[in-house]
Amino acid sequence: LGALFPSEKLLGVVVAKSVLKPVPGSFVMAKGARDEWPRPMATAWYLAAVEDGGRSRADRAMERYADGDETAFGELFDAIATRLHAFLRRRIRDEDLTRDLVQQTFENIHRARGDYRRGCAVLPWAYTIARALLVDSVRRSRRDHLLVAIMDDDARKVDTPDQLLGARQAASLVEEVLAALPREQREAFVLVQLDELSLDEAGEVLGVPASTVKMRAFYAREKLREALEVRKPAGRSARGSR
Amino acid sequence: MSANDLRQRILDAARAQPSPTRRASRQRAMLLIVGAAAATLALFVAIGGVRATQRPPSLIVGTTLGAAVLALVAIWSVLGRGRSMLGRSRRWLLALVLALPPALLAWKMGYSACYSPALALGPYRLGLRCFGWMHALAAWPLAAFLILRSGREPRHPALLGAAFGISSAACAWVLVDLWCPVARTPHLLLGHLLPTVLLGLVGAAIGRLVLAVRAR
């Protein structure tokens, strides 16, 4: 994508995120911008969160909170709030609503803490609650928040107006392509590629086997690739004519 | 509002409304299930308890044990969560909802077919009383299941509600089987199977309202 849209490095990052499989601890670089755009796929919170034997800090905090340690709720917040916020922010544009839904998600976790089963992962559970709250909230307010605003945060990081414009165009292009995908495929793709859940975790969130998530994400990736390929000549000719 | 403000607000909200710990939740669940079982058994005794009539004891034991095993599998399925906080998958619940009613019917008819029709089939009865008792006996476990998971199901509340309804009906089926001496197909369809299906539908409707995680 760096080659397709040389000025829109941001899109390169998005597609690198989309096409390459995240490897904990590795750095993925956008094609054509290898030295300029290193991006940690396993971001700081991931590295901080995953510890011994796959048991995360969040799982251990939840474990203690379920047993009655009140201080553990703050630790749970510290462990997953950033990811939860990012998860919701990718799906809605409204920052106030995002924060409100983060709060409601934690309130639900708090109410259900007695149900927490030893050894279960907290994050897929939290994502699923957040997703249900989001769907319910949108259904109630009839607001069209369910667009995948994957580039919003990245778009703020650019320096010049040209870059900003390019980033916004790139964002709307990817968003448009993603929005055209079947819902199941889009959800699987976003959970695996953008929210960086494992196939098993995404399967838990969606209520389907990991193999189904893998297949849906694969088809979504293929369609995304095809759609972006189709737009490649148009993008170049438009740039050439200017 | 900064992330710290949000954190503080969430912690304050949690402090303001304390929630039960795992131990307290377990006790509450136990209390609810035992209470529902006691109410169901009390009602069963009140309607007459076990009625052998002309049925051989082995027939009663056989049909009841089979139904009890199916009911236990159903309860284990709907209350257990496997290795996930999110409970059973859609496929699992759907399989339970679709397979359990015919399995109960098939067991009852199949096992009764091993005996002489004169002993096993019983008198001609339309099945209206069984229809009523099925609902009355299943109402208690259904209420307990719904209370236990109220506002906690983020994925498929209607399907889980249907599974609760069918599982409660399976519990009621066991007791009605002990009480009802009739094994004729029209009677079983109207008095036993139809309430099971209806309880599944009622469970789905209530589950959608009660079990779902709702935004403020």
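Proteins get letters first, then strands, A, B, ... in listed order; numbering begins at 1 in each.
When atom types are taken as modelled, the side chain of A:Asp136 and the backbone of B:Ala215 share a donor-acceptor pair closer than 3.5 angstrom. Distance alone, capped at 3.5 Å, places no donor-acceptor pair between the B:Arg7 side chain and the A:Asp78 backbone. Listed for the A:His110 side chain is a donor-acceptor partner under 3.5 Å among the backbone atoms of B:Gln17. Counting only distance, with no hydrogens or angles, the side chain of B:Arg81 and the backbone of A:Asp115 share a donor-acceptor pair below 3.5 Å.
Only the side chain of A:Phe77 comes within contact range of chain B, judged by heavy atoms closer than 4.5 Å. There is no contact between A:Ala81 and chain B, counting heavy-atom distances below 4.5 Å. When heavy atoms are compared at a cutoff of 4.5 Å, B:Arg90 approaches chain A by way of both its backbone and its side chain. Residue contact with chain B, scored on non-hydrogen atoms closer than 4.5 Å, is absent for A:Arg131. The contact between B:Ala14 and chain A is made by backbone and side chain atoms together, counting heavy-atom distances below 4.5 Å.
Under the 4.0 Å criterion applied to side-chain N and carboxylate O atoms, A:Glu107 and B:Arg9 are not assigned as salt-bridge partners.
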(message) Apply side-chain contact (heavy atoms from CB on, under 4.5 Å) to residues B:Leu6 and A:Gln103 and explain how you reach the verdict.
(response) CA-CA 7 Å; B:Leu6 180 65; A:Gln103 178 169 357; 4.2 Å; yes
(request) Start with the C-alpha distance between B:Leu11 and A:Phe106, add both sets of side-chain angles, then the distance that settles side-chain contact (heavy atoms from CB on, under 4.5 Å), and finish with yes or no. (result) CA-CA 9 Å; B:Leu11 295 182; A:Phe106 275 101; over 6 Å; no
(request) Could you go through the side-chain contact (heavy atoms from CB on, under 4.5 Å) check for B:Arg22 and A:Arg113 one step at a time? (result) CA-CA 7 Å; B:Arg22 190 154 37 198; A:Arg113 71 165 161 166; over 6 Å; no
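Annotation for B:Arg23: atom CZ does not count as buried by contact number, only 12 or fewer foreign heavy atoms lying within 6.0 Å. Within 6.0 Å of CZ on A:Arg64 lie more than 12 heavy atoms contributed by other residues, nucleotides or ligands.
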Considering only distance and modelled atom types, tabulate donor-acceptor pairs under 3.5 Å from the side chains of residues 201-220 of chain A, sequence neighbours left out.
| residue | atom | partner | partner atom | Å |
| --- | --- | --- | --- | --- |
| A:Glu201 | OE1 | A:Ser198 | N | 3.1 |
| A:Glu204 | OE1 | B:Ser84 | OG | 2.8 |

Show me, pair by pair, the donor-acceptor contacts under 3.5 angstrom made by side chains of residues 162-173 of chain B, not counting sequence neighbours?
| residue | atom | partner | partner atom | Å |
| --- | --- | --- | --- | --- |
| B:Ser167 | OG | B:Ala163 | O | 2.7 |
| B:Ser168 | OG | B:Leu142 | N | 3.2 |
| B:Ser168 | OG | B:Phe164 | O | 2.7 |

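To the nearest 0.5 Å, atoms CE (B:Met85) and CG (A:Leu123) are separated by 13.0 Å. Atoms CZ and OG, from A:Phe73 and B:Ser19 in turn, are 8.0 Å apart once rounded to the nearest 0.5 Å.
Residues from residues 149-161 of chain B that place a non-hydrogen atom less than 4.5 Å from a non-hydrogen atom of chain A comprise B:Gly151, B:Arg152, B:Pro154, B:Arg155, given in numerical order.
In this structure, A:Asp67 and B:Thr21 have side chains that are not in contact, with every pair of non-hydrogen atoms separated by 4.5 Å or more.
The nearest pair of heavy atoms linking B:Ser25 to A:Gly114 is OG-CA, 3.2 Å.
Qualifying ring pair (Phe, Tyr, Trp, His ring centres under 6.0 Å) partners for B:Phe131, counting only residues two or more places apart in sequence or in other chains: B:His135.
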